[in-house]
Amino acid sequence: MPSIASDKEWQIEDDMRTLVRAAEIRKDPKRLKAAQQMAKKRAEELNVLTQKASDKK
(Lines give C-alpha, C1' and ligand atoms only; values in the text may rest on other atoms or scores of the structure.)
Protein backbone atom coordinates (compact mmCIF):
# COMPACT_ATOMS: atom_id res chain seq x y z
CA MET A 1 0.00 0.00 0.00
CA PRO A 2 1.49 3.42 -0.96
CA SER A 3 2.28 5.70 1.91
CA ILE A 4 0.79 9.14 2.37
CA ALA A 5 4.32 10.58 2.19
CA SER A 6 4.95 9.08 -1.24
CA ASP A 7 1.55 10.33 -2.46
CA LYS A 8 2.40 13.80 -1.21
CA GLU A 9 5.84 13.68 -2.85
CA TRP A 10 4.27 12.58 -6.14
CA GLN A 11 1.81 15.51 -5.95
CA ILE A 12 4.66 17.95 -5.29
CA GLU A 13 6.61 16.60 -8.28
CA ASP A 14 3.51 16.84 -10.48
CA ASP A 15 2.84 20.41 -9.32
CA MET A 16 6.45 21.33 -10.11
CA ARG A 17 6.10 19.89 -13.64
CA THR A 18 2.88 21.86 -14.09
CA LEU A 19 4.61 25.10 -13.07
CA VAL A 20 7.50 24.43 -15.46
CA ARG A 21 5.09 23.79 -18.34
CA ALA A 22 3.11 26.93 -17.49
CA ALA A 23 6.30 29.01 -17.59
CA GLU A 24 7.21 27.50 -20.97
CA ILE A 25 3.75 28.34 -22.37
CA ARG A 26 3.89 31.91 -21.07
CA LYS A 27 7.22 32.44 -22.87
CA ASP A 28 5.72 31.38 -26.23
CA PRO A 29 3.16 33.99 -27.40
CA LYS A 30 1.56 31.71 -30.00
CA ARG A 31 1.18 28.86 -27.56
CA LEU A 32 -0.18 31.16 -24.86
CA LYS A 33 -2.73 32.71 -27.21
CA ALA A 34 -3.88 29.27 -28.41
CA ALA A 35 -4.25 28.05 -24.83
CA GLN A 36 -6.23 31.17 -23.89
CA GLN A 37 -8.52 30.71 -26.88
CA MET A 38 -9.11 27.07 -25.93
CA ALA A 39 -9.85 28.07 -22.34
CA LYS A 40 -12.40 30.62 -23.57
CA LYS A 41 -14.03 28.01 -25.84
CA ARG A 42 -14.27 25.47 -23.01
CA ALA A 43 -15.66 28.10 -20.62
CA GLU A 44 -18.36 28.97 -23.17
CA GLU A 45 -19.22 25.27 -23.57
CA LEU A 46 -19.52 24.88 -19.81
CA ASN A 47 -21.73 27.97 -19.60
CA VAL A 48 -24.09 26.46 -22.17
CA LEU A 49 -24.21 23.20 -20.23
CA THR A 50 -24.83 24.87 -16.88
CA GLN A 51 -27.54 27.09 -18.36
CA LYS A 52 -29.28 24.05 -19.85
CA ALA A 53 -29.09 22.30 -16.49
CA SER A 54 -30.50 25.31 -14.62
CA ASP A 55 -33.28 25.72 -17.21
CA LYS A 56 -34.48 22.19 -16.41
CA LYS A 57 -35.00 23.03 -12.74
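All values below come from the heavy atoms of this structure, side chains included, with hydrogens, waters and symmetry mates left out.
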_Could you check whether any side-chain heavy atom of Arg31 comes within less than 4.5 Å of a side-chain heavy atom of Glu24, counting everything from C-beta outward?_
yes
Exercise for the section: Using a strict cut-off of less than 4.0 Å between a Lys/Arg side-chain nitrogen and an Asp/Glu carboxylate oxygen, indicate whether Lys41 and Glu44 qualify as a salt bridge. Expected result: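 No, Lys41 and Glu44 are not salt-bridged.
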task = Check the surroundings of atom CZ in Arg17: do more than 12 heavy atoms from other residues, nucleotides or ligands lie under 6.0 Å from it?
result = yes
Looking only at heavy atoms, what is the nearest atom pair of Leu32 and Ile25, with distance?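 Heavy-atom minimum between the residues: CB-O, 3.6 Å.
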Quick one about Gln11 and Asp15 (side-chain donor to acceptor, distance below 3.5 Å, no hydrogens or angles considered), yes or no?
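Side chains of Asp15 and Gln11: pair found under 3.5 Å.
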Separation between CD (Glu9) and OG (Ser3), nearest 0.5 Å, reads 9.0 Å
Show the numbers, then the answer: is there a side-chain contact (heavy atoms from CB on, under 4.5 Å) between Met16 and Ile12? CA-CA 6 Å; Met16 183 269 317; Ile12 292 167; 5.6 Å; no
